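These notes are about the structure you will find just below.
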Amino acid sequence: MKVPDEEIVKEVLKGDRQMFALLISRYQLAVYNLMMRYTRNEEDAADLTQDVFLQAFDRLWTYSIRRRFFTWLYTLALNRARDWYRKSVRGRKKLAQYTLHSQIVKSTCNHQQILESDEESILLKKALSRLPQETREILILRYRHECSIREVAEVFNISESAAKMRLKRGIAHLSERLTITEKKVA
Amino acid sequence: MKNEYQNSDRIERWLAKKEEGRVPLVLMESIMDEIGNRPVGLMNSIRLKLASLQSIVPRSAHVFAGVVILLCGVWLGTLLDNPQNLDKHEQTLLVDSLRTTGPSANHYWGRGLLAAGEVEPSIEFLQKAVLLAPDVPEYLHWLGIAYWSSGNLRGERENYLESVNLQPDYVPSLINLGHSYLETGEYKKALDYYNKVLHFHSDNPNALYNRALTLRLLGEDEAALEAFHLYLHNNRSGRWARRAVDHLYRLGDFSYRSFVLDNKTVVVHLPTLLDNSVAKNREVVRLAKVLRRMSGVELHLVMYVQGDDGQAKSNVRKLKKELSKRLDHIHLPIRTSWFGVAERLDLPGGHAKFVNRSLLLFTQFTENVSKRSST
């Protein structure tokens, strides 16, 4: 039986730091994928993922069991991703001697399209990546991570009705892309 | 309507699919290592936050330039934003006057705007700089960067190319051309540019690293291995060194190892450290340099030699002696252990790798430090 996240948090706060590894193993992929969607760069994504978990560890005492641990962590992750994005746009223009690009962009490990045989999936992936960041992340949080509307609203700091509206628009946009392509193929 | 409903249903099911992808091998280890050295608690969280603010060490020239640009920006901003200060005509005149100044002023103004996130206005000034001084590679280079920021790939590359046409060894543009092609998956072209940089500066770390990465992306694993080795030969610190080691692990090469010692990641070439060649001395000196900065910890050396614990013992004691000699008067306790078995490395996916002759390094807080913190 899986140990509840809240129990793990209690143990970590009592001093058993090794238990924190359980939380990392449960959620590192979700956080890493979020960072990959923002940075499109494995190394930056790994660094940001590390930052998020370290921040979570430092702020663990602020976590309240009224919320699911995952949504609390995801809020930290989303804020970190947004901060990075804002700074990276500014950071590109720093007075640096050499390149402003991040050094690594892709790796063979991330070329899922090559392995992807489902054309619809490729299409949806592209369409998803072209959505506004917030809308994309709201969709993923709701459907992929099975968060309730209330949780989605909490993470994004919007009202529940705004969350519903963005979800509806996001789905509509993806649906439109799917329909257009099907017509083209036909 | 029915089609829309069906689409929505398909989309929701697709979105609900499980997470794909793979996190880097060393990520959890890296996080737990950092956590291992962190105290828990509110006051310590505050202390750590304050400590992190002290780690910013900007270069003085950049600080000066940044302050000048910032002051100019603030001054101009107050003038333009405050209608009482200038009327419309004066505002236009002021901006126009900036537009008519020399190339250098336009160039730095453009860079300032770029730094402030004003991409489109920055392009205007940087274009002006290039127009006024078309033979300055740096101006073309920065215009290329501005285009990159605005998502204009063609504009970006054209300007870098123009810059290197003027000065074939202008490394910043060569590097950025490499990155530009890397970003769009044109790996062979990216490789060409990194190789050009290395032709002029054979030890440029940026080009060395990205060349290795590009070779890996091209599927040329043997060449990539060699290239990562070349990078790590002279570059052992920072996150790129850690990344390079991670790439080597994924390629099945464990000759370079990264160890977290007293909260610092140290990259070591084990075969060199454990042999008797001249190169060993350099490896030992490099390791000692890092160890000298440590305090309150003891270093542990654990030697593995498959089937020969006698040799393991002799190797590790010899290494301890060599390191102690290089540490001079620095007090760093070194503890040794040895085993007549191969080192087992547990890899993701449940696989294990056995290394017949290997060394493990780690640090632990000394008893004295532990006692002090508990009182």
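We name chains A, B, ... by the order of the sequence lines, and we start the count at 1 in each one. Here the structure is a predicted model, which means the values were calculated and not measured.
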- line: Closest non-hydrogen atoms of B:His247 and A:Glu43, given as atom of the first, atom of the second and distance, are NE2-OE2, 3.7 Å
message: Is any side-chain heavy atom of B:Leu15 closer than 4.5 Å to one of A:Leu128?
response: yes
task: Name all pairs fulfilling the salt bridge (Lys or Arg N to Asp or Glu O under 4.0 Å) condition that reach into residues 203-212 of chain B, sequence neighbours left out, sorted by first residue then second.
output: none
- prompt: Taking the side chain as C-beta and beyond, is there a heavy-atom pair between B:Val23 and A:Val31 under 4.5 Å?
  reply: no
field: Between CZ on residue A:Phe20 and CD1 on residue B:Ile35, distance to nearest 0.5 Å
entry: 4.5 Å
statement: Closest non-hydrogen contact found for A:Ser25 with B:Met28 is CB-CE, 3.4 Å
- prompt: Atom CG of A:Asp51 and atom CD of B:Glu34: how far apart are they, to the nearest 0.5 Å?
  reply: 9.5 Å
statement: Honestly, the part of A:Asp47 sitting under 4.5 Å from a heavy atom of chain B is both
task: Identify which part of A:Thr62 has an atom lying under 4.5 Å from any heavy atom of chain B, answering side chain, backbone, both or neither.
output: neither
statement: Note: B:Arg243 and A:Ala46 closest approach over all heavy atoms is NH2-CB, 3.9 Å
message: Does atom CG (B:Leu251) have a neighbourhood of more than 12 heavy atoms from anything else shown, all under 6.0 Å?
response: yes
- request: Heavy-atom distances under 4.5 Å only: say whether A:Glu146 touches chain B with side chain, backbone, both or neither.
  value: neither
field: Euclidean distance, A:Phe57 CZ relative to B:Met32 CE, rounded to 0.5 Å
entry: 7.5 Å
- prompt: Where on A:Leu60 is there a heavy atom nearer than 4.5 Å to chain B: the side chain, the backbone, both, or neither?
  reply: neither
task: Specify the closest pair of heavy atoms between B:Glu12 and A:Ile171, including all atoms of both residues, with the distance to one decimal.
output: CG-CD1, 3.9 Å
message: Minimum heavy-atom separation for A:Leu54 and B:Ile31, please, with both atom names.
response: CD2-O, 3.9 Å
- prompt: How would you list, by chain and number, every residue that makes a ring-ring contact (aromatic ring centres under 6.0 Å, His included) with A:Phe156, sequence neighbours excluded?
  reply: none
